[in-house]
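Read the structure below first, then the notes.
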2 protein chains.
Amino acid sequence: MVDEKTGNWLSQLKSSGYKLTGPRYCVVDILAHSERALTAAEIFNIAHRQYPTLGLVSVYRTLEKLEALSLIQRVHREENCHAYISAPTGHEHLLVCRSCGRVSFFEGDDLKNLVDRVELKSGYLVQEHWLQLIGLCGECRQGGVEAFSR
Amino acid sequence: MVDEKTGNWLSQLKSSGYKLTGPRYCVVDILAHSERALTAAEIFNIAHRQYPTLGLVSVYRTLEKLEALSLIQRVHREENCHAYISAPTGHEHLLVCRSCGRVSFFEGDDLKNLVDRVELKSGYLVQEHWLQLIGLCGECRQGGVEAFSR
DNA sequence: GTGATTGCAAAGCGTTTGCACCGTA
DNA sequence: TACGGTGCAAACGCTTTGCAATCAC
């Protein structure tokens, strides 16, 4: 019983020449459905419950492949950049909740003017932009929820 | 013979209760004048030449203090976030050259509309934004300069 | 059957900590 | 003189690598 997103990721792995295995399935499924950015250790902790023989190493190796296929992307926070979230399908940017760690996406295409202006002024050729908003999600705003604990 | 920016940073360290020492001076001076974001190891390598007894540990400890005083800030690149650059004075964002690693700053205050729209749509309260442009600086555009080597 | 994938253990690497000595104020 | 700063060495935590056993295809 594989859901759509997990199934899609698995087929992409398969058609890239990788085999479909238990550990791989487990990690893919967790990442495909997480609302929060997860570190390798966090993924391991969750996956370990459903797949007790899983090794942390397999988590790293699967992350590597998923990142290469652009199915996941790194989330940068003030202090580190070792957490991953399912990559957006189109051209979207991250919106990260500082309290619970939840990640959402938003469209953000009107940077064009800004980019044009910066190019003119700086002489740079801008190839890529990275925009990330940080704040509190709807739930955490209301709830006065305690900071997400690591 | 201490130049203005270095001198300013040193006074800020001093007035925060820290002592002014050789190793500290050395690291401060390098960071205050680097056009590129530098990692602890890179700073150590440079500083070591002018101050042979310097230990890598002192670099880390100085970075810590400079970051706490907001005199430097981390620069995030695709793969890591362990390099530091002199922090901008006002509200500015980073423009990083992918080829030579040079960092420039630009003003970027017209995100207000975008932020308002995202808040409305997502229900988040946006507290902070992070914008970074990545591309090629004027020199690297023309020169076909080889990628900056690590 | 074959070659990729696995988990383990060990290695590797960057960063932090404990400590005795040293230098600034 | 007092106490923060120093470098060294060791500890630490996260990630990668070497390897023999295992498993998908």
Side-chain angles (χ1 to χ4, degrees), chain A residues 2 7 9-31 37-69 72 74-84 150, chain B residues 2 7 9-29 37-69 72 74-84 150:
Chain A
V2 174
W9 287 22
L10 291 174
S11 349
Q12 289 201 52
L13 281 170
K14 188 162 192 181
S15 60
S16 303
Y18 299 118
K19 293 180 178 172
L20 303 185
T21 65
R24 209 157 264 177
Y25 167 80
C26 205
V27 171
V28 163
D29 195 46
I30 288 166
L31 270 165
L38 300 172
T39 62
E42 288 170 328
I43 295 167
F44 174 73
N45 286 334
I46 302 170
H48 190 72
R49 284 179 220 138
Q50 9 180 154
Y51 202 98
T53 64
L54 180 87
L56 179 54
V57 187
S58 292
V59 176
Y60 280 107
R61 289 195 271 228
T62 305
L63 284 173
E64 214 173 78
K65 289 166 180 60
L66 293 176
E67 193 178 18
L69 293 174
I72 58 173
R74 267 169 208 263
V75 175
H76 292 251
R77 304 252 232 148
E78 286 94 308
E79 284 302 295
N80 65 57
C81 46
H82 301 302
Y84 292 86
R150 266 287 155 75
Chain B
V2 173
W9 287 22
L10 291 173
S11 347
Q12 288 201 52
L13 282 170
K14 188 163 190 179
S15 61
S16 303
Y18 300 118
K19 292 179 180 173
L20 304 185
T21 67
R24 208 157 269 177
Y25 167 80
C26 205
V27 171
V28 164
D29 196 45
L38 300 172
T39 62
E42 288 171 328
I43 296 167
F44 175 73
N45 286 334
I46 302 168
H48 190 72
R49 285 180 220 138
Q50 10 180 152
Y51 203 99
T53 63
L54 180 87
L56 180 54
V57 187
S58 292
V59 176
Y60 281 108
R61 289 194 272 228
T62 305
L63 284 173
E64 214 174 77
K65 288 167 181 58
L66 292 176
E67 193 179 18
L69 293 173
I72 57 173
R74 266 170 209 262
V75 176
H76 293 250
R77 303 253 233 146
E78 285 95 308
E79 284 302 294
N80 65 56
C81 47
H82 300 304
Y84 292 86
R150 264 294 154 71

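In what follows, chains are A, B, ... by sequence order, proteins preceding strands, each numbered from 1. On a predicted model such as this, the values are computed, not experimentally measured, just so you know.
The distance from atom CG of B:Leu54 to atom P of C:dG23 is 15 Å, rounded to the nearest whole Å. We find that OH of B:Tyr51 is positioned 10 Å from C1' of C:dC22, with the value rounded to whole Å. Taking atom NZ on A:Lys19 and atom P on D:dT22, their separation rounds to 16 Å, with Å as the unit. Atom P of nucleotide D:dG5 and atom OH of B:Tyr18 are separated by 7 Å, given to the nearest angstrom. When rounded to the nearest whole Å, the span between NE2 of B:His82 and C1' of D:dC14 equals 10 Å. When rounded to the nearest whole Å, the span between CD1 of B:Ile43 and C1' of C:dT15 equals 14 Å. Per the geometry, CG belonging to B:Asn80 stands 11 Å off C1' belonging to C:dG14, to the nearest Å. Counting to the nearest Å, the P atom of D:dC14 and the CZ atom of A:Phe44 are 13 Å from each other.
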Test side chain to side chain contact (heavy atoms under 4.5 Å, CB included) on A:Ile43 and A:Leu63 and set out the steps.
CA-CA 10 Å; A:Ile43 295 167; A:Leu63 284 173; 3.9 Å; yes

Using the rule given for side chain to side chain contact (heavy atoms under 4.5 Å, CB included), can you reason through A:Leu31 versus A:Trp9, listing the C-alpha separation, both sets of side-chain angles and the distance that settles it, and then say yes or no?
CA-CA 10 Å; A:Leu31 270 165; A:Trp9 287 22; 4.0 Å; yes

Using the rule given for side chain to side chain contact (heavy atoms under 4.5 Å, CB included), can you reason through A:Lys14 versus A:Lys19, listing the C-alpha separation, both sets of side-chain angles and the distance that settles it, and then say yes or no?
CA-CA 6 Å; A:Lys14 188 162 192 181; A:Lys19 293 180 178 172; over 6 Å; no

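Taking the screw axis at each terminus of the helix from C:dG1-D:dC25 to C:dA25-D:dT1 from five consecutive base pairs, the angle between the two is 40° to within rounding of 10 degrees.
Expressed to the nearest 0.5 Å, how far CD1 of A:Ile72 lies from CD of A:Glu64 amounts to 10.0 Å. B:Leu38 CG to B:His82 NE2: the interatomic distance, rounded to the nearest 0.5 Å, is 15.0 Å. In this structure, the separation between OH on A:Tyr18 and CZ on A:Arg61 is 12.5 Å, given to the nearest 0.5 Å. To the nearest 0.5 Å, atoms CG (A:Leu54) and SG (A:Cys26) are separated by 6.0 Å.
Within a heavy-atom distance below 4.0 Å of DNA chain D, the residues of residues 56-65 of chain B found are B:Val57, B:Ser58, B:Arg61.
Listed candidates were C:dT6, D:dG5, D:dG7. Nearest to the side chain of A:Pro23 is C:dT6.
Of the side-chain N and O atoms in B:Thr53, none sit less than 4.0 angstrom from OP1 or OP2 of D:dT6.
Each of A:Val59, A:Asp29, A:Thr62 was compared with A:Arg24 under the side-chain contact (heavy atoms from CB on, under 4.5 Å) criterion, and only A:Thr62 meets it.
Toward the 5' end of DNA chain C, the nearer of the two residues B:Ala40 and A:Gly17, judged by each one's closest nucleotide, is A:Gly17.
The shortest side-chain heavy-atom distance between B:Leu20 and B:Tyr25 does not fall under the 4.5 Å cut-off.
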